[in-house]
Amino acid sequence: MAPSQAAGSAADPDGLEDRLRRFATIWSRAIFPVTATSLTRPEVEEHLLPLARELCLSLHARPFDPQVAQRVGAALVEAHCTDPEALSRTLGVIDAYLVLYCGSGDPEQSAEESRARCAKLQHALAAGFAQGLRERTLAEQEAIARSSLLARSDAMQALHATEARFSAVFEGAAIGIGIADLDGNVLEVNDTLTRMFGGLEHHVRGRKVTDWAHPEDRPHVWELYGELVRGEREHFRVEKPFYRNDGTVLWTNLTVSLLRDAEGQPEYQLALMEDTTERRLLNLRLRYEATHDALTGLPNRTLFFERLEKALSAGDGARFGLCYLDLDGFKAINDSLGHAAGDRLLVEVADRLQSCATAPGEMVARLGGDEFVALTTGPDTQREVDELATRILAVLASPICVDGREFTVRGSIGIVEGPAGERTAAEVLRSADITMYRAKSAGGNRFEIADPEADARAITRHGLTTALPAALERGEFFIEYQPLVHLGDGSVHGAEALVRWCHPQHGVLGPDQFIPLAEHTGLIVPLGRWVLQEAVRQARYWQERHSDGGPLRINVNLSPTQLHHPGLVADTVAVLERSGLEPGALCLEVTESALIGADEDLLKPLRQLAEMGVDIALDDFGTGYSNLANLRRLPVSVLKLDRSFTQGMQRHPADPVDLKIVEGIVSLAHSLQLAVTVEGVETGAQAEQLRELGCDTAQGWYYARPGPPDKLHALSLADAV
């Protein structure tokens, strides 16, 4: 290896410079044969190397800016690489080798994104090349044409050589040139312009400029033309379409200049035309690809947002209606039949949806995956959007055949309808998404209409969900304790630990407002571990300061997710050992519904904890519709009777049915050597009846509401006195 190569390898461990060099070599070999230059091929390669480096940097730039490639295209023209074949070969080299040699090494950029960026760089390079070539050609040709035309005016009195020179420039120009008088009559055209209009000179010469009006002409085009022929301006440049004789459209970059006579009076007009039809078609194709879904051909998210923002910005009482559709159970089809079958299903669904939105002001788009949107606009969208959603559900009801199997596709639709100008596109789509999930939660195959209050609740839930991890780290959670009281003597037996969240904006939140969110996100495991640590530490503190030394038990709730966590037993043992609390002073509460149909794998950690001496309480007993015979196989020592069974005891006289039910449950529990705790005790009469029925302990507002730990300590000290 040469010393320079070794140094390059040490400075460039990924070999990027080597790959750039190989890319520049391929590029130079492609364009050198069609480049009119005095340079050698290696010299051309050295000239292309910094341009290759610019393309590589642009491929990975964040934010992505394809305009860099325009400068590369212009640089090719500056290097006298002006042959159209050189552009074609350059685009071919970039398409085939840029991502190959420069696309790797960026973990944030997928291969698909690299290819998409490469396509945009090709487009920008072609635009820069064409712009550079046009500016160079226009500058040269306009100067030559102007001087030649002025020379032709004097040719009748001057040398024949001047007219010959003008003719050579006029006929050999690479762009179309036409000369007309001030009335707009076309006097002369060159061969290039004749070919641009179909090759028949008599269809061009002798016509009036005003005959070439086109419906897509911008309004100011003819205003500029009028100013020119009146002598108020010297030239103007516009993009203008023309009709050819066969009815096809010719798009041009048109430059029209005013030619004056020796006295400075307007005499002729000179038109220079560059054919941009192919470039415009390329732009349209790239625009279509950028705004339409590759799989279904439907408008994609980009185009949909453009249409939605346009609909929302309309005034004068305009309204809109939006249907947000998500297919129910689509993941199961992908998982069972594969993504290819899922794609075919999406194509069929897209075709059916498109058949539902054919009226003016209606469109269907695919946002991604199995999510579609349908938009309708007009004065009566309140009725039309409901009808649109009904049509969508109806066309989805017919079975779809994929790979010889029939599938009945169901969908959930969220509808947002209202006047334009009140919400942004992002707000509308968010409301539709929330409403769609409300329809899905209601069973699917239906549509729901957006409700601002439901949206607010969903947004609040989302905000709480995202704030949960940081809240635990910032110490925003705290525990309140509700005493457990012996019904026999009224002494404090222990307490149940109830977690609360002191939210910076919403204040104190109860567990029903955030525990389900913690379950859904998986944060319940670290949160539950923290609650166990704090509750056990507090129980140990109470025991150390209780006057008669009697143990105060602590009850801690376990969620279903914690039951399935493999570290439950180890975490509990570690917490008890660190605190010094005896296992018998801890009771873990598990809801009855979490243990319905529980297998031995789920019960095993509970059995291990029970064997250590930890009490297991079956919480909310009587609400889970479980088989009472299952109590014998559950490792529980306490039944917590749900408050629904004792509410009838708050009336006078007490409901005899409730009395019999509670009496039966207490008898059954005691026969299985289980203690009975009753929740929701609110009156003294209720507490007395429960004591007479044999219940062991109780908790409720009659004794104390959940509160800080020092309040419970005060209650226990009062009992001791």
(message) Closer than 4.0 angstrom, basic N to acidic O: yes or no for E348 and R352?
(response) yes
(message) One thing to verify: whether E371 and R366 come together as a salt bridge, which I'm taking to mean a side-chain N less than 4.0 angstrom from a carboxylate O.
(response) no
(message) With heavy-atom distances below 4.5 Å as the criterion, would you say the side chains of L325 and V373 are in contact?
(response) no
(request) Would you indicate whether the side-chain heavy atoms of L224 and V221 approach each other to under 4.5 Å? (result) no
(message) I'd like to know if the side chain of D293 pairs up with that of T296 as donor and acceptor (distance under 3.5 Å, no hydrogens or angles considered).
(response) yes
(request) Indicate yes or no: does E362 engage R391 in a salt bridge with an N to O separation below 4.0 Å. (result) yes
(message) If I compare all heavy atoms of A311 with all of T377, which pair ends up nearest, and what's the gap?
(response) CB-CG2, 3.6 Å
(message) So that I know where these two stand, are H214 and Y243 an aromatic pair - ring centroids less than 6.0 Å apart?
(response) yes
(request) Compare every heavy atom of L254 with every heavy atom of A271, then report the nearest pair and how far apart it is. (result) CB-CD1, 4.0 Å
(message) Within the 3.5 Å criterion, strictly below it, is a donor on T435 or E448 matched to an acceptor on the partner's side chain?
(response) no
(message) Quick test of your reading of the model: are E239 and R280 salt-bridged, counting only N-O distances below 4.0 Å?
(response) yes
(request) Compare all side-chain heavy atoms of F304 with those of T291 and state whether any distance is below 4.5 angstrom. (result) no
(request) Answer yes or no: is there an ion pair linking R383 with D380, defined by an N-O contact shorter than 4.0 Å? (result) yes
(message) Can a side-chain donor-acceptor contact be found between S412 and D328 if the only test is distance below 3.5 angstrom?
(response) yes
(message) With a sphere of 6.0 Å drawn around NZ of K440, does it hold more than 12 non-hydrogen atoms of other residues, nucleotides or ligands?
(response) yes
(message) With a 3.5 Å distance limit and no angle check, can you tell me whether R218 reaches the backbone of V238 through a side-chain donor-acceptor pair?
(response) no
(request) Evaluate the side-chain proximity of W27 to R89: yes if any heavy-atom separation is below 4.5 Å, no if none is. (result) no
(request) For T248 and R244, test the side chains for any donor-to-acceptor distance below 3.5 angstrom and give the result as yes or no. (result) yes
(message) Which label fits W222 and Y225: parallel for a plane angle under 30°, tilted from 30 to 60°, or perpendicular past 60°?
(response) perpendicular
(message) Assess whether a salt bridge exists between R117 and E113, defined as any Lys/Arg side-chain N lying under 4.0 Å from an Asp/Glu carboxylate O.
(response) yes
